[in-house]
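Numbers restart at 1 for each chain; the letters A, B, ... are given by sequence-line order, proteins then strands.
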Protein chains: 2
Amino acid sequence: MRPSDLQLFQKTEIFARLGEATAERLARNCQVKDYPKNTMLTEQGETAEYVHLILNGRVALTAECLDGSSTIVTSFGDGEIFVTAAAILQQPYLVAAKTISPCRILLIPVTRFRQALQTEAALALLMVDRLAHHWRLLVGHLRELKLHTALERLASYLVTRSPAARGAAHFRLTEDRRTIAAELGMSAECLSRSFQQLRACGVRVSGSRVHILDVAQLKKLYRPVVPAPRHMANPADETFERSPESVHQQTH
Amino acid sequence: MRPSDLQLFQKTEIFARLGEATAERLARNCQVKDYPKNTMLTEQGETAEYVHLILNGRVALTAECLDGSSTIVTSFGDGEIFVTAAAILQQPYLVAAKTISPCRILLIPVTRFRQALQTEAALALLMVDRLAHHWRLLVGHLRELKLHTALERLASYLVTRSPAARGAAHFRLTEDRRTIAAELGMSAECLSRSFQQLRACGVRVSGSRVHILDVAQLKKLYRPVVPAPRHMANPADETFERSPESVHQQTH
DNA sequence: CGGTTGTTTGAGGACGTTCAAGTACTGTGG
DNA sequence: CCACAGTACTTGAACGTCCTCAAACAACCG
C-alpha cells in the first residue's frame, strides 16, 4: 500500500466511519492492485476470496446468461466496498464484477474481513449502513426498470449525473455508450435513439460531452404530471416532435 | 404479545440468531397487529416509525408512480424483517409496503431498534446477514427482469415454489394472479397467456392448484442450453410446439 | 338471480430488440 | 500527412414481446 493509496483510503466514508485504528487493522498488509478497463475481477459462481474496496475507478456487477448475453445489475464508484454479500454469507457470487474504467482496488482477504466483522462492532455497523444503501440502490433500479420507459430512464440517468439541479448544465459521460446502455437496461441502439429524442427536450450530446438546457425540464419527463395512460397522449402529442431548428443541426 | 405470538417469534431465524435474551429485550412490550389482505402498512416517502417483523403472512414492497401505476419490487414471508433500510438510515421509504395475505406483524419502534443496533453486537451481525440475503434477493430479481422473458420468469417462479426439485410436483399458489403478475413484472393478461404456453411443458393449472409433470423440464426453459439467439431457434423449434396428446387436454 | 370481482381471450399497438448497413472516431504504420 | 484498419456509434427496417383495451367468461356472495 503506497502513501497515495493510504490517502485515497483515508478519504473514503468507510475509513471515516470505522475510525483510524480499526480501518488501519482492516487494511494492513492488504494488496492493492491496478486493473485496466474491462477486466473481470470475479466470476459468477466463484466463492469470494477478497472483499474489494475501490480506491479509484468504477466497477459494474454483471449478470450473465448461458447464451452469452449479459447485463449490468448495478455499479459502484470511488470509496465503495462491494460484493460483500457473497463474502458475508460464504456463498458463490450471483454476479460477476467487471471494471468499467481503469481501477485501483484494495483487496481485503475474506477471512480477515469476516473475523473483523465479528470482533469490531464498528465494522458491523458500517456494513449495516452500506448494505442498507446498496439495498436502496437496487430498489431504485428495479423501480426504474419496471415503471419507466427507456427514454425516461435515460433522462433520469442524465439528471442524476448533472452537476446542477436545475437550469443549464454541461458535463461529461464517464462511460461508453454500450456500458451506459447495459446499466440502463436497454440496447446500445435504443440508447442512441433515446439521445436523439432528448434533443427535443434541450439535450445535446457530442461524444462524451453533454449539454442540458434546462435540467428541471428533463425531470418532468420521468415524473409525469398528467395521470393519463401513455398511449393516450400520443395522437396529438408534440413533446417529442423535433423542433424545426433542431432537425438538421449536426454536432460539428 | 400473546403466547401464540411468542411461539411464532421463537421459531424465526431472527430469534434463533439473536439469542433469547437479546430477542426478548427487542420485542418486549412491542405491539402485535393483525392486518387483512391488501392493507397498506407504510407509504412511499414516509419516515419509518416501526421495523416490521412478519410473524405470519406475506408482505410486498410496491413502487408507485404519480400516474397511479405500481409494481411489486419484492416480497417477504414468515419470520422476515423488512423495510429496515429506511429505518436504519432514517430516510423516507423508497417503496410502500402492502400485505398480500392476511398478516400478523410484530412492530418494533425504530428508536428502540436503532438503539439496540448500537449496543447489541448480535443484532448488528444479524442485520448484516439479513441485508446480505435481501441484497441477493433483489440481484436475483434484476437478473430475471433484464435477462429473461415473461415465460421464463414464470417457469422460474414455479420451479422455486415447487416442493420437489425434479420429477412431478403439485402445490398451490398462495397469491392471486394479479399479485403474481406484478411480482414477476408482467401484466395479468401476460401471466395468463404464459400459463397457457407452459401447458406444452407439462404444467397444468386450475385455480390455485398447480401440477407439474416434470420440474427438471421446466428448469431447462430458463437455462437455455443452446447458445443460439432466441429468434434463430424459432423456425424449426419444437420446444413450445404442443405435443398432440396435450392439445385438447383440459383440466377437469 | 343479479352484482361484483378475478381471470381468460382476442385484436391492435407501443416499445424495444436484432440485424444490417452506414458513418464517425481511434490509433497505426507508411 | 494520408491511407488504413479497427472500433464505437448511429440509422433504418423488420420483427418479437409485452401492454392496453374491450369483451367474454367464471367464481363467489349477497
Side-chain angles (χ1 to χ4, degrees), chain A residues 37-38 65 67-71 100 144-155 173 175-182 184-199 204-210 221-222 228-235 237 239-240 242 247-252, chain B residues 37-38 65 67-71 100 144-154 173 175-182 184-199 204-210 222 228-235 237 239-240 250-252:
Chain A
K37 188 177 165 179
N38 288 328
C65 239
D67 64 2
S69 57
S70 78
T71 186
I100 53 177
E144 285 283 308
L145 263 181
K146 282 187 158 184
L147 249 32
H148 296 295
T149 65
L151 185 66
E152 292 166 344
R153 297 202 296 274
L154 176 57
L173 299 169
E175 294 138 37
D176 60 28
R177 297 280 198 277
R178 194 154 293 280
T179 305
I180 297 173
L184 295 179
M186 66 185 84
S187 65
E189 293 92 332
C190 183
L191 176 67
S192 177
R193 283 184 251 268
S194 298
F195 269 127
Q196 285 310 315
Q197 287 191 74
L198 284 182
R199 292 179 64 84
R204 298 288 177 280
V205 284
S206 150
S208 67
R209 262 178 295 275
V210 178
L221 247 190
Y222 63 93
R230 196 170 303 127
H231 70 284
M232 288 296 290
N234 276 341
D237 190 355
T239 319
F240 300 141
R242 301 184 179 201
V247 171
H248 294 296
Q249 266 185 16
Q250 302 293 337
T251 35
H252 73 256
Chain B
K37 190 177 166 178
N38 288 329
C65 239
D67 64 2
S69 57
S70 78
T71 186
I100 54 177
E144 285 283 308
L145 262 182
K146 282 188 157 183
L147 249 32
H148 296 294
T149 66
L151 186 65
E152 292 166 344
R153 297 201 296 274
L154 176 57
L173 299 170
E175 294 136 37
D176 60 30
R177 297 281 198 274
R178 193 155 297 276
T179 304
I180 297 173
L184 295 178
M186 66 184 84
S187 65
E189 294 92 333
C190 183
L191 177 67
S192 175
R193 284 183 250 266
S194 297
F195 269 128
Q196 286 309 317
Q197 286 190 72
L198 284 182
R199 292 180 62 84
R204 299 287 177 281
V205 284
S206 150
S208 67
R209 262 177 294 275
V210 178
Y222 64 93
R230 195 169 301 125
H231 71 285
M232 288 295 291
N234 276 342
D237 190 354
T239 318
F240 300 142
Q250 302 291 337
T251 35
H252 76 252

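- Following rounding to the nearest Å, A:Met186 (CE) and D:dC18 (P) show an atom-to-atom distance of 18 Å.
- Within the model, atoms CD1 of B:Ile180 and CZ of B:Arg153 stand 13.5 Å from one another, a figure rounded to the nearest 0.5 Å.
- For B:Gln196 and C:dT8, the shortest distance from a side-chain N or O to OP1 or OP2 is not below 4.0 Å.
- For A:Arg177, a side-chain nitrogen or oxygen approaches OP1 or OP2 of D:dT10 to under 4.0 Å.
- The NZ atom of A:Lys146 sits 20 Å away from the P atom of D:dT17 (whole-angstrom rounding).
- Place B:Ala188 and A:Ser187 on DNA chain C by their nearest nucleotides, and B:Ala188 ends up nearer the 5' end.
- What separates CG of B:Leu191 from P of D:dC19 is a distance of 10 Å, to the nearest Å.
- Remark: side-chain polar atoms of B:Ser192 are not paired, donor with acceptor, to backbone N or O of B:Ala188 under 3.5 angstrom.
- Atom CZ in B:Arg153 sits roughly 6 Å away from atom P in D:dC18 (whole-Å rounding).
- Remark: P of C:dC19 and CD of A:Glu189 are 10 Å apart, rounded to the nearest angstrom.
- For the pair A:Glu152 CD and C:dG16 C1', the interatomic distance rounds to 14 Å; values are reported in whole Å.
- Remark: A:Glu175 engages A:Arg58 in a salt bridge (charged side-chain N to carboxylate O under 4.0 Å, His left out) (not counting sequence neighbours).
- When atom types are taken as modelled, the side chain of A:Ser187 and the backbone of A:Cys190 share a donor-acceptor pair closer than 3.5 angstrom.
- One interatomic measurement links the two molecules: CG of B:Leu145 to P of C:dG16, which rounds to 14 Å at whole-angstrom precision.
- Among the atoms of the strands shown, base atoms are found under 4.0 Å from some heavy atom of A:Arg193.
- The distance between atom CZ of B:Phe195 and atom C1' of C:dT7, rounded to the nearest whole Å, is 11 Å.
- Each of D:dT11, D:dC18, C:dG16 was ranked by its minimum atom distance to the side chain of A:Ala150; first place goes to C:dG16.
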